[in-house]
Each structure stands twice: as C-alpha cells, then as structure tokens.
Amino acid sequence: MNRYAAVVFDWDGTVMDSTYSIASSIQQACVDLQLPMPSIQQASWVIGLSLESALYRAVPDLSAEQMPQFLERYRFHFMQRDPHIKLFDGIVPFLGELRDRQVALGVATGKSRQGLDRVLQQVSLGTYFNATRCADETRSKPDPEMLHQLLDELMLEPEQVLMVGDTAHDIHMAANAGVDSVAVTYGAHDPKTLAQARPTVMVDSVAQMRDWVLPRI
C-alpha cells in the first residue's frame, strides 16, 4: 500500500462544483457569436484543458479571429455565475485533515493563474496549498509537465504523490507522470470515460475519496 506524501487536486469539478457553470458559459458565448452550440456534455468534456485549446475542441467552428471576443463573452457569462458556485460538500474538512497530517497539498488546474488566485482568495483556501500550477504556466493536460513541476517544487518522487481529478485528462496526465490517481465521478466526465482512462481508483463522493485516501497517507 502506497504511503502518499502529497495529494494534488484538479480544481473545477473536483474541488469546486463549477462544471455546469463552465459548460453553460461556453454555450452562452456561442449564442452571442451566433456559433453552433455544443451540448452540456460536449462542453463539459473539455474542462481541465487550457481554455483556448478547450474552446477549439468544444466549438469547432470558432475561428482564431473570433477567439478574443468569444473569450470576453465566456468570461462575462462565467463571472455572472461565479458568486454562486460552491465547493463540494466535505472538501474543506478533508483538506484540513490532510494538512493536519502533514500531507503536502497541490493544485493542477486548467484555470489561469489569475483565475485560480482569485478563487482561492474567494473561498479562503490559499494557505492550504503548498504548490499550484495553472494551464497558462505550463503545458496543458494530459501532458505531464504540470505534475513534473509540482513534483520538483515539493521535492517528491512520483510514487509519493496522488492526483485527484474528475476528467480523463487528469487521469492520463497522472499516468504520464507515473503518479497514482483518484477519479471522481461527480464532475465533468462520466464513469465510463473515467474508467477507460484506468485510474488507480474511482470514487463517487468526497466521503468515499476520504475513506480511500486517509489510510494511505
């Protein structure tokens, strides 16, 4: 049984219940620009990727010339929803338990640095995390560079670290970095998609995650 010294979390759909807000903001931006609108499932699939690459996948008709205006409209709609987005039930006590046990905590997210810093301040969790990486600072998931940088900063080996995420992008990134992974089924990707990515374990709730992780630290 591995004894993990650090747990790295994806943010959207893993720590914060923001999947629907992101997907619906993509849809509304499509309406604004009169572009074909993806389904919620199609828009949710790209969550976790860097925003621009994600948008090209979710909205194939989006041109490079339209991208600045699309980003402006997407951010407008997302910020309208942002004050109402909540953390998943149980996540803050779980983070507190990990911190009390001297486990290093990290974030590996498709958010921008500005976006992550803003939300960490908003939910008063900035002091919980030892190291964070964002999509505008390194290569996008599933490239392992984001995790490699976190491993270097935390001075840990891959077998000492656990990655937690709600998308196949997170699970593939972990595998590419040689890191074990927990796939949570309450976020952006459905259980079948997550299972195909072959995580170390799949859980359906923060409570199940806690029950699996704590004996392994």
Side-chain angles (χ1 to χ4, degrees), residues 1-24 39-49 78 81-111 116 119-120 122-130 132 141-142 147 150 160-175 177 179-217:
M1 181 183 292
N2 276 10
R3 294 290 172 177
Y4 301 112
V7 181
V8 177
F9 293 86
D10 169 61
W11 191 265
D12 292 305
T14 301
V15 173
M16 181 160 270
D17 191 7
S18 46
T19 298
Y20 182 79
S21 295
I22 294 169
S24 59
S39 68
I40 286 291
Q41 183 178 14
Q42 290 169 326
S44 296
W45 190 88
V46 304
I47 291 173
L49 302 175
F78 184 79
R81 295 166 171 79
D82 186 63
H84 310 290
I85 301 173
K86 305 296 184 184
L87 298 166
F88 284 106
D89 289 343
I91 197 71
V92 174
F94 178 49
L95 293 173
E97 286 183 281
L98 293 173
R99 189 175 62 165
D100 290 345
R101 296 187 186 204
Q102 309 303 310
V103 176
L105 298 177
V107 174
T109 178
K111 299 181 86 65
L116 180 63
V119 75
L120 284 173
Q122 180 179 310
V123 298
S124 302
L125 286 180
T127 60
Y128 278 61
F129 295 100
N130 303 85
T132 61
K141 302 170 186 179
L147 276 179
L150 289 170
Q160 296 176 283
V161 176
L162 182 67
M163 176 71 204
V164 180
D166 68 310
T167 71
H169 317 308
D170 300 308
I171 307 309
H172 289 311
M173 176 180 67
V179 169
D180 286 352
S181 59
V182 176
V184 301
T185 64
Y186 54 75
H189 285 187
D190 62 84
K192 181 180 178 181
T193 300
L194 291 170
Q196 289 172 343
R198 302 181 67 183
T200 306
V201 67
M202 286 174 56
V203 299
D204 298 326
S205 65
V206 174
Q208 284 188 12
M209 185 198 327
R210 176 188 180 278
D211 290 344
W212 191 89
V213 172
L214 289 186
R216 292 168 171 81
I217 61 174

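We count residues from 1, following the sequence as given.
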* At what distance, to the nearest 0.5 angstrom, does CE of M173 lie from CG of L147? -> 4.0 Å
* Asked: What is the ring orientation for W45 with H189, classed by angle as parallel under 30°, tilted 30 to 60°, or perpendicular over 60°?
  -> parallel
* Please test L125 against L87 for side chain to side chain contact (heavy atoms under 4.5 Å, CB included), starting from the C-alpha separation and ending with a verdict. => CA-CA 11 Å; L125 286 180; L87 298 166; 4.0 Å; yes
* Beyond-backbone contact of Q208 with Y186, side-chain heavy atoms, under 4.5 angstrom -> no
* Asked: Would a 4.5 Å heavy-atom cut-off, applied to side chains only, mark K141 and D170 as touching?
  -> yes
* Is any side-chain heavy atom of L162 closer than 4.5 Å to a side-chain heavy atom of W212? -> yes
* Just wondering, do V184 and F88 contact through their side chains at under 4.5 Å, heavy atoms? -> no
* To do: Using a 4.5 Å cut-off on heavy atoms from C-beta on, say whether the side chain of L214 contacts that of L98.
  => yes
* Sub-4.5 Å side-chain heavy-atom contact between R210 and P93 -> no
* Find the distance between CG (D211) and OG (S205) and round it off to the nearest 0.5 Å. => 7.5 Å
* Asked: Does a side-chain heavy-atom distance below 4.5 Å link H172 with T167?
  -> no
* Structure fact -> Distance col, row Q41:CD vs T193:OG1, nearest 0.5 angstrom, shows 7.5 Å
* Carefully, step by step, assess Q122 and D82 under the rule side chain to side chain contact (heavy atoms under 4.5 Å, CB included). => CA-CA 10 Å; Q122 180 179 310; D82 186 63; 3.0 Å; yes
* To do: Decide side chain to side chain contact (heavy atoms under 4.5 Å, CB included) for T132 and T109; before the verdict, give the C-alpha distance in whole Å, the side-chain angles of both, and the deciding distance to 0.1 Å.
  => CA-CA 8 Å; T132 61; T109 178; over 6 Å; no
* Flag side-chain contact, heavy atom, 4.5 Å: Y128 against F9 -> no
* Structure fact -> Here the gap from I91 atom CD1 to M16 atom CE, rounded to the nearest 0.5 Å, amounts to 10.5 Å
* Structure fact -> Closest heavy-atom pair, K111 versus V119, reported as atoms and distance to 0.1 Å, is CE-CG1, 4.1 Å
